[in-house]
Amino acid sequence: MSAPVQPPEVRGDTAHPEAAGYRARRTLPLRVEAMRQLRRRRTLLMGGVLAALPFILIIAFAIGGTPDGEDGGCGGRIGGRINLMDVATESAANFAATSLFVSAGFLLVVPVALFCGDTVASEASWSSLRYLLAAPVPRVRLLWSKLVVALGFSLAAMVLLPLVALVAGTAAYGWGPLKLPTGGALSAGDTVPRLAIVVAFIFVSQLVTAGLAFWLSTKTDAPLGAVGGAVGLTIVGNVLDAVTALGSWRDFLPAHWQFAWADALQPQLEWGGMIKGTAVSVTYALILFALAFRGFSRKDIVS
């Protein structure tokens, strides 16, 4: 007996079944995919962790006392980078900036890797991916919908943290100008636009992690493998950036520019570092996204 013939989309070719009223662009709407992801337990858990972080910091400052501003003579900087911990409790704006400072290096990497790495691999692990493609949902449409939703949730996670921090910080420390550890302050009117620039740059800098996670998600049926692989490679990048012997080669590492957003929290806004970091991150991300689409379009789906 001959084996059953799989639908065209499952076999990996580009043929589309003809059906009256069929429109590829109407399959797997973004709204449907967003609601599916929103209802998942890991989405709610990650949102809860990010929303809880500002309150944990407030409790820590209440127990440990107000930061004393001792920075070992670095003039408000640690290793050449701005140290916001010294002025964390000066105002709600300072507290929100500090929350981003302590989480940008690792904590905000996790939701990006989770949302982008779990999206395709989870369907494969549930053995529902081939049924989505046989619905039929074109492969490019499937990946596009999942990628847009994953990036949207990643951005929402990065916006949630400073928003909660601003509200909690206003209640705990009051609203006021953003005082800089290197001297000077930003007016209250300039604070929100500057923080918006910070969040935007952090999101762009994490596109490399998103690209890694999404590409790995199309290569494996194990969601944890895709998520862990993306986080692990991001950590490797941070380690390599710490190797000063690499010299100017570090300029090509996305991790080298991850704190360039500190230039947005200066009396005079500086764009140079953020522009370079954006160029590096976007270049790597586009390559990784292209690899994901190319590989998935030729992959035989068996799960």
Side-chain angles (χ1 to χ4, degrees), residues 30-31 33-62 84-85 88-89 91-119 122 145-175 178 186 188 190-211 213-214 223 227 230-231 234 258-262 264-265 274 278 281 285:
L30 294 177
R31 176 181 56 83
E33 178 64 17
M35 291 305 299
R36 292 178 67 218
Q37 299 301 325
L38 182 62
R39 293 191 182 102
R40 295 191 58 187
R41 185 176 302 175
R42 51 90 160 152
T43 304
L44 300 177
L45 179 62
M46 183 54 62
V49 170
L50 292 174
L53 177 62
F55 297 98
I56 294 175
L57 290 177
I58 290 175
I59 294 173
F61 286 135
L84 293 169
M85 293 297 293
T89 59
S91 68
N94 281 95
F95 182 68
T98 302
S99 298
L100 289 170
F101 175 74
V102 300
S103 59
F106 179 74
L107 181 59
L108 289 179
V109 173
V110 176
V112 176
L114 182 63
F115 293 137
C116 294
D118 182 69
T119 181
S122 61
S145 296
K146 288 188 171 294
L147 178 59
V148 170
V149 171
L151 291 178
F153 275 90
S154 299
L155 178 59
M158 295 181 188
V159 172
L160 175 65
L161 177 61
L163 278 180
V164 175
L166 280 175
V167 174
T170 300
Y173 310 118
W175 182 260
L178 193 156
L186 296 177
D190 291 335
T191 295
V192 173
R194 294 293 185 93
L195 288 177
I197 294 174
V198 170
V199 172
F201 178 77
I202 293 176
F203 173 72
V204 172
S205 68
Q206 293 299 334
L207 286 178
V208 179
T209 300
F214 193 70
V227 175
V231 173
T234 301
Q258 65 178 333
F259 286 101
W261 55 264
L265 302 182
M274 288 187 286
T278 297
S281 297

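Counting begins at 1 with the first residue of the sequence. Note that the coordinates shown come from a computational prediction; the quantities given were computed from them, not determined experimentally. All values below come from the heavy atoms of this structure, side chains included, with hydrogens, waters and symmetry mates left out.
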If you round to the nearest 0.5 Å, how far is [atom2] of [Y] from [atom1] of [X]?
X: Thr191; Y: Leu265; atom1: OG1; atom2: CG; value: 9.0 Å
X: Leu155; Y: Leu160; atom1: CG; atom2: CG; value: 11.0 Å
X: Gln37; Y: Ser122; atom1: CD; atom2: OG; value: 6.0 Å
X: Phe61; Y: Ile56; atom1: CZ; atom2: CD1; value: 12.5 Å
X: Arg36; Y: Lys146; atom1: CZ; atom2: NZ; value: 5.0 Å
X: Leu45; Y: Arg40; atom1: CG; atom2: CZ; value: 12.0 Å

- Message: Walk me through whether Val112 and Thr234 qualify under side-chain contact (heavy atoms from CB on, under 4.5 Å).
- Response: CA-CA 11 Å; Val112 176; Thr234 301; over 6 Å; no
Considering all heavy atoms of both residues, which atom of [X] and which atom of [Y] are nearest to each other, and what is their separation?
X: Val227; Y: Ala113; answer: CG2-O, 3.5 Å
X: Met274; Y: Ala264; answer: CE-CB, 4.2 Å
X: Ala168; Y: Phe55; answer: CB-CE2, 3.9 Å
X: Ser154; Y: Pro111; answer: OG-O, 4.2 Å
X: Phe203; Y: Met158; answer: CA-SD, 3.4 Å
X: Ser99; Y: Leu161; answer: O-CD2, 3.8 Å

- Query: Can you check whether Phe115's main-chain N or O pairs, donor with acceptor, with Thr119's side chain at less than 3.5 Å?
  - Reply: no
- Query: Can you check whether Leu207's main-chain N or O pairs, donor with acceptor, with Ser281's side chain at less than 3.5 Å?
  - Reply: no
Check whether any side-chain heavy atom of [X] lies under 4.5 Å from a side-chain heavy atom of [Y], and answer yes or no.
X: Val199; Y: Leu195; result: no
X: Phe201; Y: Thr278; result: yes
X: Leu50; Y: Leu107; result: yes
X: Thr170; Y: Phe95; result: no
X: Leu53; Y: Leu57; result: yes

- Query: What's the verdict on side-chain contact (heavy atoms from CB on, under 4.5 Å) for Asp118 and Arg42, showing C-alpha distance, side-chain angles and the deciding distance?
  - Reply: CA-CA 10 Å; Asp118 182 69; Arg42 51 90 160 152; 3.1 Å; yes
